[in-house]
Amino acid sequence: MTMWTITPEAPGSPVAAALWRAYYTEVSDRWYLLYEGHRTDPAELEREIAAATGAELAPPHGRLLVGRYGGTPAGSAGVRLLDPETAELTRVFVAQDMRGRGGAALLVAAAEDAARALGARRLVLDTRGDLVEARALYARLGYTETGPHNADPYAEHWFRKELAPVN
C-alpha cells in the first residue's frame, strides 16, 4: 500500500521549487482563465515565481513541508509566524494526479503541528473564491471563515483555526 510521508524541506531546494512552480502555475492560470480567458503570460509567471522564494517559510519563524506519495514529491504546505501566537498557513498544494488520496488533509495536519512547534496558538489563511476545493477542505478540517487578516488583492476568503495545545 502506497503511503504519504511528510517531511520538512528547505524552501530553496529543487523539490520545493518544483512544487512552488506547479502550485503557482495552477492558481495563476486558473485565475487568468476565469477572469481574462487566457493562461498566465509566461514572462509574468517567471517573474512571480522568482519573486516569491518562500524564504519566510524557513526556520526559525516558518516551516515548509513536502508530502511524498510513494517517495515522489506530490504536495506542500507552509507555515510562517505572523506574531508569537499566530501563524499563517500557505502554499497548500497537492499535484493534480495525486489528489483524492488524502494528502491535503495530512499536509494541513502536519502544518498545524509545525505551527504549534513554532509556538502558535492559531492558524490563519486566505484563499480565493474560485478555489472552492480549498474552501471546502478548510471547512471540513475545522477552519472557520473570519474577517481579513491581510490586504492581499487576490484574497477573498479568510479562515482561522484555534490550535489545541499539545498534550
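Keep in mind it's a predicted model, so treat the numbers as computed, not measured.
- The side-chain hydrogen bond (donor to acceptor under 3.5 Å, both in side chains) search around W158 returns N150, not counting sequence neighbours.
- Every pair passing salt bridge (charged side-chain N to carboxylate O under 4.0 Å, His left out) that includes a residue from residues 131-158 is listed here, sequence neighbours excluded: R30-E133.
- Exactly one of R121, R160, R122 qualifies for a side-chain hydrogen bond (donor to acceptor under 3.5 Å, both in side chains) with T86. That residue is R122.
- Qualifying salt bridge (Lys or Arg N to Asp or Glu O under 4.0 Å) partners for E56, counting only residues two or more places apart in sequence or in other chains: none.
- Proximity of a side-chain donor or acceptor of W20 to a complementary backbone N or O of I49 within less than 3.5 Å is detected.
- Contact between V79 and A111 at its shortest, heavy atoms only, is CG1-O, 3.5 Å.
- The side chain to side chain contact (heavy atoms under 4.5 Å, CB included) check on L107 picks up I6, A77, V94, with sequence neighbours excluded.
- Taking every heavy atom of both residues into account, A134 and T127 meet most closely at CB-OG1, 4.0 Å.
- For A58, the side chain to side chain contact (heavy atoms under 4.5 Å, CB included) partners at least two apart in sequence or on another chain are P11.
- Across E36 and W31, no two heavy atoms sit closer than the pair OE2-CZ3, 3.8 Å.
- Side-chain contact of E9 with S13: a donor-acceptor pair under 3.5 Å is present, judged by distance alone.
- The minimum heavy-atom distance between L137 and A105, with the atom names listed, is CD1-N, 4.3 Å.
- Qualifying salt bridge (Lys or Arg N to Asp or Glu O under 4.0 Å) partners for R39, counting only residues two or more places apart in sequence or in other chains: D29.
- Annotation: side-chain hydrogen bond (donor to acceptor under 3.5 Å, both in side chains) contacts of E85 (sequence neighbours excluded): none.
- For Y24, there are no side-chain hydrogen bond (donor to acceptor under 3.5 Å, both in side chains) partners at least two apart in sequence or on another chain.
- Taking the side chain to side chain contact (heavy atoms under 4.5 Å, CB included) definition, one finds that Y143 meets it with L89, V108, E112, L123, L125, Y138, L141, F159, K161, sequence neighbours left out.
- Of all non-hydrogen atoms in R91 and A52, the two that sit nearest each other are NH2-O, 3.0 Å.
- In this structure, the side chain of T25 does not engage the main chain of A22 through any donor-acceptor pair within 3.5 Å.
- Residues passing the salt bridge (Lys or Arg N to Asp or Glu O under 4.0 Å) test with R47, sequence neighbours excluded: none.
- For Y154, there are no side-chain hydrogen bond (donor to acceptor under 3.5 Å, both in side chains) partners at least two apart in sequence or on another chain.
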> Yes or no on salt bridge (Lys or Arg N to Asp or Glu O under 4.0 Å) for R99 and E26, after CA distance, side-chain angles and deciding distance?
Replying inline: CA-CA 14 Å; R99 292 179 187 159; E26 182 174 330; 2.7 Å; yes
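- Within the 4.5 Å cutoff, the side chain of H149 has heavy atoms near those of the D126 side chain.
- For the salt bridge (Lys or Arg N to Asp or Glu O under 4.0 Å) test, residues two or more places apart in sequence or in another chain that qualify with E46 are R21.
- Not a single donor-acceptor pair under 3.5 Å links the side chain of R80 to the backbone N or O of T90.
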